Amino acid sequence: MLKLTVNDIEVEVEEGSTVLHACEAANVEIPRFCYHDKLSIAGNCRMCLVDMERAPKPIASCAMPAGEGMVIRTDTDRVKKAREGVMEFLLINHPLDCPICDQGGECDLQDQAMGYGLDCSRFDENKRAVENKHMGPLISTTMTRCIHCTRCVRFATEVAGVTELGAIGRGESVEITTYLEKALASELSANIIDLCPVGALTSKPYAFSARPWELNKTESIDVMDALGSNIRIDARGAQVMRVLPRLNEDINEEWISDKTRYAVDGLRRQRLDQPYIRGRDGRLAPATWDEAFKVIAAKLKRAKPSTMAALAGDQIDAEAMFALKTLFCKLGSGNLDCRQDGAKVGGPRAGYLFNSTIAGIDQADALLIIGSNPRVEAAVMNARIRRNWLATGMPVGVVGPIADLTYDATFLGDDPTVLVELLSGKHKFVGKLKKAKRPMIIVGMGALARPDGATLLGHAREIAEMYGVVSKNWNGFNVLHLAASRVAGLDIGFLPEKSGLDVDAMYKAAEADKLDLVWLLGADEADMTRLKNAFIVYQGHHGDNGAHHADVVLPGAAYTEKDGIYLNTEGRVQYANRAAFPPGQAREDWAILRAFAGVLGINIGFDSLDELREILFRAVPHFASRDIIKPAKWVKFGSRAKIKPNEITAAVGNFYMTCPISRASETMAECVRAMDIDQAKAAE
């Protein structure tokens, strides 16, 4: 530790810290524009100037390494004058756009000009104007406002791994540009909006929609993937206006994916706001709740428990799954499944958790990816892998299709028999696993959602045990899920009971006319053509695949419209909060199931969300431990059957459209269109 004195206060900081860190340790505010904790140091805005003893002039505190015995002053007249001068220079060409700028009220330049600037300018010349740049459908540019802090350039290059942003020109002619004037080809591109300290980069879909002080801000959890990114939902009335990241160093740090940020406009389109019943003419017609419940109840009374089944979708909260499981258990049916993609996971928790934790990626020194593309399946987590690779040169091997992961990787082929070669020790990548002290394996749904997924899981477990992926102090065996609800569903046991049907058996039973009723709880990714012979009850929030094939539609609430518990891919318990109310007659999923149980005359043990949670916590105690991961005991899992020769394919085809909300999003459609146009131009 190093000891420094800041404004007569003695502080201690770790070696490698900067003077700026020392000032923060002394609770002294240092203004800055270019510096950011997650980016490399640029030192080009000069706003963080401080006085150092025996230094001939003020120093940039962000770029000066802290040293033993340094004496720093941040309150001298020279520092004050230097900051005023820097601010005066920054405002020389800045336009007077504050009344119409979307950054207004959240602008670092506004705040710091107020705190550290002058009340006048001595600049008499004409202001410089810069042409706006095209950065795609997500980012609006007003480059005359740009102060050249280069945060956006450093983020794109270092974090996102897309070297498409940079500065051209010299002196007053410097401009930040995308070089080829095309959309940023990154799933994390819109994070540069949060990083921009002025209004040069703002949100294009959100432009001129609201002011920050008009919005109700709710802390919640993202469900667009299984990462469980911490988000803040800003709503005005019943309408969600925008989603922003919340800081959580263990999960998403301070980034979110573009889909997380922008798919929320899909919440306003194709919504189910009242029940529907399919008539004799084959069309869905509006109905009341009583009428819908009456039709379902009549069907249930004629059906045997063995001919009823329930499927849970990818964005369902734990409470709703627990309520549906309770209802079906009361009905005597054990045909339940939360794996609508057919993934062969379940049983021991170590076989379906991201055991190292997401933050544990930072400690890995070798990585084997099996059947996964983290860039599109968990974009924020992929940035963490890239950071480790940049810092340590961590070797990465991939069993699966070739893809641009934003870091160097050795593609071992898409033939699953590569796993057999790795087990036998004949493959070249074995040497890198043996040398590693903390090797890591990530198994994705591209491997597990196959008919022989259990076999691939078993082979991955054997590789982990053979090459030290699992040891006394380290468990680097990880499963990367795609569904936000999957881990909670597996923990609850929303799986086939003894002799019950899994999703594949449900399909076969329906095709053989042996399945009378299937209840789809937000399950839009199921193969509806194979379920068409059964009576389908769809409970969800969008008129998507499930609703189109349903015989009865029950309108539910989206994730922004209800309180709910979600477990991310590492098993971390997180609580989402309601930011708005569902439209029309739509209701929260647990409330719908409770009301229907009442129609059947079945007591499922609760009348409120609190009562439901009490029962849930008794059944699965670790759900009550907010932000805690219950560690999993390492035991045998997977199958030793023969691997099928079918090539491993990608689990996600289109990053921007993976769920009913994103498929209804106009912004996501624009992103797909922009990427298609850019790819077509590149091919010419």
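Since the model is a prediction, treat every value here as computed from it, not as a measurement.
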Could you measure the distance from the [atom1] atom of [X] to the [atom2] atom of [Y]? Nearest 0.5 Å is fine.
| X | Y | atom1 | atom2 | result |
| --- | --- | --- | --- | --- |
| Met52 | Ile72 | CE | CD1 | 6.0 Å |
| Thr357 | Phe354 | OG1 | CZ | 8.0 Å |
| Ile385 | Asp362 | CD1 | CG | 10.5 Å |
| Cys45 | Gln112 | SG | CD | 8.0 Å |
| Asp589 | Gln315 | CG | CD | 11.5 Å |
| Asp222 | Ile233 | CG | CD1 | 9.0 Å |

More than 12 heavy atoms from other groups under 6.0 Å of [atom1] on [X]:
| X | atom1 | result |
| --- | --- | --- |
| Tyr179 | OH | yes |
| Phe123 | CZ | yes |
| Met1 | CE | yes |
| Asn126 | CG | no |
| Lys127 | NZ | yes |
| Glu53 | CD | yes |

Could you tell me whether the side chain of [Y] reaches within less than 4.5 Å of the side chain of [X], counting heavy atoms only?
| X | Y | result |
| --- | --- | --- |
| Asp317 | Lys562 | yes |
| Pro555 | His541 | no |
| Leu482 | Thr658 | no |
| Leu138 | Thr667 | yes |
| Met143 | Leu201 | yes |
| Tyr559 | Ile316 | no |
| Glu14 | His21 | no |
| Val243 | Arg232 | no |

Is there a donor-acceptor contact under 3.5 Å from the side chain of [X] to the main chain of [Y]?
| X | Y | answer |
| --- | --- | --- |
| Arg154 | Ile41 | no |
| Arg261 | Ser257 | no |
| Lys204 | Gly136 | yes |
| Thr202 | Gly199 | no |
| Arg375 | Asp404 | yes |
| Glu561 | Ala557 | no |
| Asn248 | Asn230 | no |
| Gln574 | Gly228 | yes |
| Asp273 | Gly584 | no |
| Thr150 | Val153 | no |

Carboxylate-amine/guanidinium contact [X] [Y], below 4.0 Å:
| X | Y | result |
| --- | --- | --- |
| Glu214 | Arg211 | no |
| Glu254 | Lys38 | no |
| Asp234 | Lys217 | no |
| Arg46 | Glu84 | no |
| Arg32 | Glu24 | yes |

I'd like to know if the side chain of [X] pairs up with that of [Y] as donor and acceptor (distance under 3.5 Å, no hydrogens or angles considered).
| X | Y | answer |
| --- | --- | --- |
| Ser203 | Tyr262 | yes |
| Ser485 | Asp314 | no |
| Ser189 | Asp258 | yes |
| Asn382 | Tyr407 | yes |
| Ser40 | Glu158 | yes |
| Asn132 | Thr141 | no |

Would you name the heavy atoms of [X] and [Y] that are closest together and state the gap between them?
| X | Y | result |
| --- | --- | --- |
| Cys152 | Ile176 | SG-CG2, 3.8 Å |
| Ala26 | Val6 | CB-CB, 3.9 Å |
| Ala378 | Asp225 | CA-OD2, 4.2 Å |
| Ala238 | Ala580 | O-CB, 3.6 Å |
| Lys133 | Glu131 | CE-O, 3.4 Å |
| His542 | Leu272 | O-CD1, 3.4 Å |

Q: Applying ring-ring contact (aromatic ring centres under 6.0 Å, His included), name anything that partners Phe33, two or more places apart in sequence or on another chain.
A: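 By the ring-ring contact (aromatic ring centres under 6.0 Å, His included) rule, Phe33 matches no residue at all.
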
Q) Taking it one step at a time, do Met224 and Ile661 satisfy side-chain contact (heavy atoms from CB on, under 4.5 Å)? A) CA-CA 9 Å; Met224 292 296 154; Ile661 298 173; 3.8 Å; yes

Q: Starting from the C-alpha separation in whole Å, work towards a yes-or-no answer on side-chain contact (heavy atoms from CB on, under 4.5 Å) for Arg663 and Met668.
A: CA-CA 7 Å; Arg663 284 193 287 269; Met668 293 296 96; over 6 Å; no

Q.
Could you walk me through whether Glu253 and Arg387 satisfy the salt bridge (Lys or Arg N to Asp or Glu O under 4.0 Å) test, starting with their C-alpha distance in whole Å, then the side-chain angles of each, then the deciding distance to 0.1 Å, before giving a yes or no?
A. CA-CA 12 Å; Glu253 299 179 280; Arg387 183 176 66 193; 2.5 Å; yes

**Q.** Working for side-chain contact (heavy atoms from CB on, under 4.5 Å), residues Val380 and Glu187
**A.** CA-CA 9 Å; Val380 176; Glu187 296 75 21; over 6 Å; no

Q) Taking only residues at least two apart or on different chains, which pairs with a member in residues 60-79 satisfy side-chain hydrogen bond (donor to acceptor under 3.5 Å, both in side chains)? A)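 Sorted result for residues 60-79: Asn7-Thr74, Asp8-Arg73, Asp51-Thr76, Asp51-Arg78, Arg73-Asp75.
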
Q | Criterion side-chain contact (heavy atoms from CB on, under 4.5 Å) on Asp194 and Leu244, from CA distance to verdict | A | CA-CA 8 Å; Asp194 299 331; Leu244 299 175; 3.9 Å; yes

Sequence neighbours left out, cut at 3.5 Å: what donor-acceptor pairs do the side chains of residues 161-173 make with other protein atoms?
unit_1, atom_1, unit_2, atom_2, d
Glu164, OE1, Ala185, N, 3.2
Glu164, OE2, Lys182, NZ, 3.0

**Q.** Lys/Arg cation over aromatic Tyr656: Lys259, 6.0 Å, 45° cone
**A.**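 Checked: cation-pi criterion not met.
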
